[in-house]
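Working notes, structure below.
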Amino acid sequence: MISRSFLSSIAFRLPFAIVFTCVLVFSLSAIAIYGLQRARDEMAAYGLQAFSSLAKASLVSRQVSDLVSSAPFLMNAASPYRVSSESRSVVQQVDLLLEMTGPASGERAARGFASERIVELLQLIRAQTLDLARDADAAQAHKAEAAAALGEIATGRGIADPELRRRMNGIVQAASASDSLFQLGELRRRYVAETTARQQGYPGERLPLAEMQPYERVFAAQSRYLLEMFAIRASVSRLHTVSRDLSHVTETQGDAVARSLNEDLISTSDALSRLLVIVAVASLLVLVVAILSIRSVMRVSRGIAALSNGMNALAKGEKDVGPPSYSGSETELIRLLDAFRAFHDSVDRVSRLRRTAEAAARTIRSTFRNMNEGIALFDATGRPITMNRRIIELVGRSGSSRKLPIRRFVEPVPEIDPMLLPFESETGALMERAVVRHRTADERVIEVSMSRQPDGGIVLLARDVTALDRQEAEAVKAQRLDGIMRMTHQVSHEVGNMIGIITGSLGLLEREAGFNDRQNRHIARIRKAADRGRSLASSMLTIGSQQPIHPSSINVANLLRGMADILEIAVGPKCRIALDLDNNLPTIPLDPALFEQSILNLCLNAAAAMPDGGLISIEAACEKDALVISVTDEGIGMTPEAVDKAFEPYFTTRGDHGGAGLGLAMVYGFVRQSGGEAHISSKPGEGAKVQLTFPAGTGLAQRSA
């Protein structure tokens, strides 16, 4: 029994296909030969039929020619009635000839044989013969009219003179028998002469008009009769001309058709003979090629089977597999053998590369799962493909959210518009990369990036940018405060100049005598206001970081311990001061007076934030290359908006019950002028913490100098 694998092999399918092709070619050749034989037979039958048609056309032409050539007998007929009857007989014969000329039902016309001209001439003959019959009928009617008039003349007695009646009757009898218009005219002239002479010779005997009318009708009817007969002669003459044309056309066409049919038959016979030879040669050639192809295919199929077995052995991991033997010269098989050897040499290398790729894939998977940034991939319909644990944490979801569609997955981030993302049949409006920032309940800032993939999928990237957001906010606030400080400096400089002019003018006034007590009191008030303006301008210069400072190397710990008593008194009895100072704090170049003023301002602000009292902590520690001093209270705290504006001049949260809002601005100006940074962290109800950071290197001394 034949196995299925053999039926599916090339060794079976290719020879089968070739054999099937050969059988098909031979079948088509047989059909072609049979068709050619039928075509030859039909061509012979067609030629015979064409010759028959030609003979029939020649017979028709001869009959018509004979019929029309005998037309002169019409003029020799005794009466127009016979002319009419003979003409209608000719029409019937022409109709029969037209029916014979047309091809019979199912009969094909011979090539080159065209009966249109013959039919046209026969139809012309028919039309002219019908005209001839009509003319004969009209002549017969005129002849009958003349005979009726002669009868009236024979029975009438209108002319009393017998001699005259005899002569008149003789004239009209001769007129009714005349065969030419000339003769009829002579008789008409005699008739007029007789009637005129009678009227002139016998004036008293006029001929009655009623008796003369039959004579007139005879002449009129005979005239019309002769005219119709003249038309009949012209029709016969035209029939002679058409007959000659018809004879010429049939003779010429017969010769051409016979010659063309003979040439076509000879050419067709030769072509059929050549085609038979070509078909026989082609069939033999197909047979030879098929035998050679089957032998070649069998050899190639054995080589391919050997290569296939070797490839399968290599794929199964067998190592002792040698190249198969092949004795053919086919280029493809030789190249396949070379490729087999190259494949055999690369099996080990591929195995090593696969092991390396698997290790790299494991590393990539581990990195994907443990990377600090969160990443999630979704397809074009919004269904999740994969995501790491980090993005679940950053978005605020649990582990069960891995199967959620993208719109539900990002619901904890209200800043993301759901219409941007795909969902089932909706593709979403996201076209370009979109980035949003979300602030969580624990004050973390999460940046979420969304981008569209070429296949329509969505990639979500999430990272914690809390520190970066804080730095950006601090940078913006510092830039804004620097602008305010520069403006404050310019204003204080201009105010100082104006106060200088005022104080100079007051000095000149005070040197002069002659002022009364009231004027002296006014001058003293102006002096007091000028001194207050000078003090305000000086403080504004400090805020604007333009106040001259006098730095010196100080030990911050010793300075803070020395201020403890003063600070306790300044904050009042309800508040307590606690110092937490690291040992071995470095000495840094600062202006001691301005530093003490800054710490005092911070403690006063802390005490004002705790109307019921509390603890004020002052800490000092080294962090990397900086000295950090912190002042922390347990007060009412500040809102984020207040924290953002706390260092601005004249900003205060105490309204009309506090200071002018210059304390923190002076602290900020001193810290910035000393090369440091100031930062406030606070929440409503949780107190506030102010950090002053000073560089611990030598850069400050150089900057101050």
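Index from 1, following the sequence.
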Report task. In sequence, state the C-alpha distance, the side-chain angles, and the governing distance for Ile446 and Val395, and then conclude on side chain to side chain contact (heavy atoms under 4.5 Å, CB included). Result -> CA-CA 8 Å; Ile446 307 301; Val395 173; over 6 Å; no
Query raised in the report: Which residue pairs pass the salt bridge (charged side-chain N to carboxylate O under 4.0 Å, His left out) test when at least one of the two sits in residues 456-467, sequence neighbours left out?
Result: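 The answer is Arg444-Asp464, Glu447-Arg463.
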Between [X] and [Y] (side chain of the first, backbone of the second, donor and acceptor by atom type, cut-off under 3.5 Å), is there such a pair?
{"X": "Glu686", "Y": "Gly637", "answer": "no"}
{"X": "Asn388", "Y": "Ile391", "answer": "yes"}
{"X": "Ser401", "Y": "Leu404", "answer": "no"}
{"X": "Ser449", "Y": "Leu461", "answer": "no"}
{"X": "Ser682", "Y": "Gly687", "answer": "yes"}

Query - Glu677 and Arg672: CA distance, side-chain angles, deciding distance, salt bridge (charged side-chain N to carboxylate O under 4.0 Å, His left out) verdict - result: CA-CA 6 Å; Glu677 297 290 341; Arg672 295 285 292 175; 3.0 Å; yes
Below 4.5 Å, heavy atoms only, C-beta onward: do [X] and [Y] meet side chain to side chain?
{"X": "Phe378", "Y": "Met387", "answer": "yes"}
{"X": "Val667", "Y": "Asn605", "answer": "no"}
{"X": "Ile416", "Y": "Val448", "answer": "yes"}
{"X": "Leu567", "Y": "Ile618", "answer": "yes"}
{"X": "Ser552", "Y": "Pro592", "answer": "yes"}
{"X": "Phe595", "Y": "Ile588", "answer": "no"}
{"X": "Leu581", "Y": "Leu560", "answer": "yes"}
{"X": "Ile406", "Y": "Phe423", "answer": "no"}

State, to 0.1 Å, how close [X] and [Y] come at their nearest heavy-atom pair, and which atoms those are.
{"X": "Cys622", "Y": "Pro586", "answer": "SG-CD, 3.0 Å"}
{"X": "Leu600", "Y": "Ala570", "answer": "CD1-CB, 3.6 Å"}
{"X": "Ile616", "Y": "Ala607", "answer": "CD1-N, 3.9 Å"}
{"X": "Ala621", "Y": "Leu585", "answer": "CA-CD2, 4.0 Å"}
{"X": "Arg439", "Y": "Val445", "answer": "NH1-CG2, 3.5 Å"}
{"X": "Cys603", "Y": "Ile577", "answer": "SG-CD1, 4.4 Å"}

Query raised in the report: Does the side chain to side chain contact (heavy atoms under 4.5 Å, CB included) test come out yes or no for Phe694 and Val556, once each step is laid out?
Result: CA-CA 11 Å; Phe694 298 98; Val556 174; over 6 Å; no
**Report entry** Counterpart residues, salt bridge (Lys or Arg N to Asp or Glu O under 4.0 Å), relative to Asp580 (two or more places apart)
**Finding:**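 Here no residue qualifies.
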Query raised in the report: Could you walk me through whether Thr693 and His679 pass the side chain to side chain contact (heavy atoms under 4.5 Å, CB included) check?
Result: CA-CA 8 Å; Thr693 304; His679 175 70; over 6 Å; no
Report task. Taking atom CZ of Arg402 as the centre, report whether more than 12 heavy atoms of other residues, nucleotides or ligands fall under 6.0 Å from it. Result ->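 Counting neighbours around CZ of Arg402, more than 12 heavy atoms of other residues, nucleotides or ligands fall under 6.0 Å, so yes.
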How long is the straight-line distance from [atom2] of [Y] back to [atom1] of [X], given to the nearest 0.5 Å?
{"X": "Ile569", "Y": "Met563", "atom1": "CD1", "atom2": "CE", "answer": "12.0 Å"}
{"X": "Leu615", "Y": "Met610", "atom1": "CG", "atom2": "CE", "answer": "7.0 Å"}
{"X": "Leu590", "Y": "Asn555", "atom1": "CG", "atom2": "CG", "answer": "11.0 Å"}
{"X": "Asp417", "Y": "Met450", "atom1": "CG", "atom2": "CE", "answer": "8.5 Å"}
{"X": "Ile599", "Y": "Ile629", "atom1": "CD1", "atom2": "CD1", "answer": "5.5 Å"}
{"X": "Gln691", "Y": "Ile680", "atom1": "CD", "atom2": "CD1", "answer": "10.5 Å"}

Query raised in the report: Is the shortest side-chain N to carboxylate O distance from Glu432 to Arg452 below 4.0 Å?
Result: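 So Glu432 does not pair with Arg452 through a salt bridge.
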